[in-house]
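Report on the following structure.
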Amino acid sequence: MCDTCGCNVTPGNRNLAYTPVNGTTAVSVLKSLLTHNNTQAEHNRRHFEQHGVLAINLMSSPGAGKTALLEATIEALGKECRISVIEGDLETENDAERIRAKGVPAFQITTGTACHLDAHMVHGALQAFPLEGFDILFIENVGNLVCPASFDLGQHCDVTLLSVTEGDDKPAKYPVIFRAADVVLLTKTDLLPYLDDFNPSRAEGHLRSLASEAPFIPLSARRGDGIDAWLDWLRGQLKTVRRGIPFARNQTTPVQVSG
Amino acid sequence: MHELSLCQALVDQVKEVAMRHGARGVVQVKVKIGPLAGVEPTLMESAYPFAAAGTIAEGSAMMLEPGPLTVRCLECGAVTEAQPNRLLCGACGAYRTQVESGEELMLLSVELFTA
């Protein structure tokens with residue numbers, strides 16, 4: 001034990017050690033550690049709204065089918081609205097190339113080792129990626145059920161995907177990200193016949209335990225089952241953004257569920 | 001996983017406060033991390049000295065203020081304690097609740113050497 005590195009401070013004496021003594025001043029701050037990110041996110045959100053663009057943050061574990069969902073969405077909605085996509089991955093341009101193959105512009109952010117996108121990365125992408133003439137911007141976050149939930153990007157809605165190959169207790173294991181969702185999509189339902197231990201109503205039950213009223217939509221991007229319910233939800237959000245109703249990202253109240 | 005970058009944001013805020021008060025050093029910072037903040041308190045504690053190194057906050061202590069997780073029921077109005085993956089009303093069991101506290105990720109106060 002010494003007096004320099006702090007190893008002499010134990011839970012028992014910590015209060016004594018840090019009681020203000022002569023020559024010290026305690027300053028009350030009460031400021032969120034994410035203030036810097038949140039200010040940028042608010043700026044991004046206003047930017048999207050000025051362009052009448054609905055911004056959607058897609059979150060899930062890696063391989064839950066975010067890019068496949070986007071491909072199916074582009075095929076179904078491509079004629080009625082103009083879509084653009086920002087892709088977030090640690091490495092490769094692969095996902096952006098899949099989206100471009102559908103005739104939609106895509107900007108790839110490679111984060112290196114960062115486990116999530118933040119508002120500044122999205123802002124940087126917007127510099128290189130004009131929003132003029134678009135209706136919906138999908139931001140496909142880095143596949144990760146932990147960190148993306150903590151960073152507001154400026155999106156209007158959060159969409160969390162849960163694939164049937166993952167286990168129906170994921171919402172109970174990763175409550176923060178599922179609670180943030182404005183809609184939860186149960187993906188790859190075409191595989192349900194092969195996965196008899198996945199119970200969709202149990203998954204929805206875990207979601208409801210998080211005090212979430214978000215719609216729970218089972219779908220298969222490959223077969224097209226359930227896609228219509230997802231598209232209807234999207235159209236509802238688009239109407240809301242076009243009416244100019246301001247969105248606030250509020251993790252406790254599901255936002256504009258039916259538009 | 002992003003605790004180090006949060007600590008860097010924290011140190012930036014501490015530096016700003018220290019500069020505004022003309023401090024010579026920082027004794028401790030007090031931070032509140034709610035159970036639903038998506039941040040691991042022990043990782044914050046181990047990352048903080050690295051983020052503080054080479055700044056006016058070097059050598060300062062981080063104190064974590066524990067925050068309870070409470071929800072207010074929209075059905076019966078009761079405020080009860082909850083678990084991160086079970087945010088139901090503790091009184092009537094309804095799932096229409098709002099989190100009252102537990103999402104905080106906040107710098108509460110800074111103690112400075114000013115003399």
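Naming: A, B, ... by sequence-line order, numbering from 1 per chain.
The contact between B/Ala37 and chain A is made entirely by backbone atoms, counting heavy-atom distances below 4.5 Å. If you measure heavy-atom distances from B/Glu100 to chain A, you find no contacts under 4.5 Å at all. Using a 4.5 Å cut-off between heavy atoms, B/Val110 contacts chain A through both its backbone and its side chain.
For the atom pair CD of B/Gln83 and CG of A/Leu210, the computed distance is 12.0 Å after rounding to the nearest 0.5 Å. With rounding to the nearest 0.5 angstrom, the CG atom of B/Leu36 is 5.0 Å from the CZ atom of A/Arg179. A distance of 8.5 Å separates CG of B/Leu87 from OG of A/Ser209, quoted to the nearest 0.5 Å. A/His206 NE2 to B/Arg86 CZ: the interatomic distance, rounded to the nearest 0.5 Å, is 10.0 Å. Taken to the nearest 0.5 Å, the CG atom of B/Leu107 stands 9.0 Å off from the OG1 atom of A/Thr35. To the nearest 0.5 angstrom, B/Leu10 atom CG is 5.5 Å from A/Leu33 atom CG.
Among B/Gly25, B/Pro84, B/Ala9, the residue with the largest count of heavy-atom pairs under 4.5 Å with chain A is B/Pro84.
Remark: B/Asn85 engages no residue in a side-chain hydrogen bond (donor to acceptor under 3.5 Å, both in side chains) (not counting sequence neighbours). For A/Thr67, the side-chain hydrogen bond (donor to acceptor under 3.5 Å, both in side chains) test picks out A/Asp95, A/Glu140, with sequence neighbours left out.
Smallest separation of non-hydrogen atoms from B/Tyr95 and A/Glu213: CE1-CG, 3.7 Å. Between A/Thr24 and B/Glu111, the closest heavy-atom pair is OG1-OE2, 3.3 Å. The two atoms that bring B/Gly38 and A/Ser150 nearest to each other are O-OG, 3.9 Å, heavy atoms only.
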Contacts under 3.5 angstrom, residues 114-124 of chain A side chains, donor-acceptor by atom type, not counting sequence neighbours:
residue  : atom : partner  : partner atom : Å
A/Asp118 : OD1  : A/His120 : N            : 3.0
A/Asp118 : OD1  : A/Met121 : N            : 2.9
A/His123 : NE2  : A/His43  : NE2          : 3.4
A/His123 : NE2  : A/Gln127 : NE2          : 3.2

Apply side chain to side chain contact (heavy atoms under 4.5 Å, CB included) to residues B/Asp12 and A/His36 and explain how you reach the verdict. CA-CA 10 Å; B/Asp12 285 344; A/His36 195 47; over 6 Å; no

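Of residues 66-81 of chain B, not one residue has a non-hydrogen atom less than 4.5 Å from any non-hydrogen atom of chain A.
Remark: the backbone N or O of A/Ser32 is paired with a side-chain donor or acceptor of B/Gln13 at under 3.5 angstrom.
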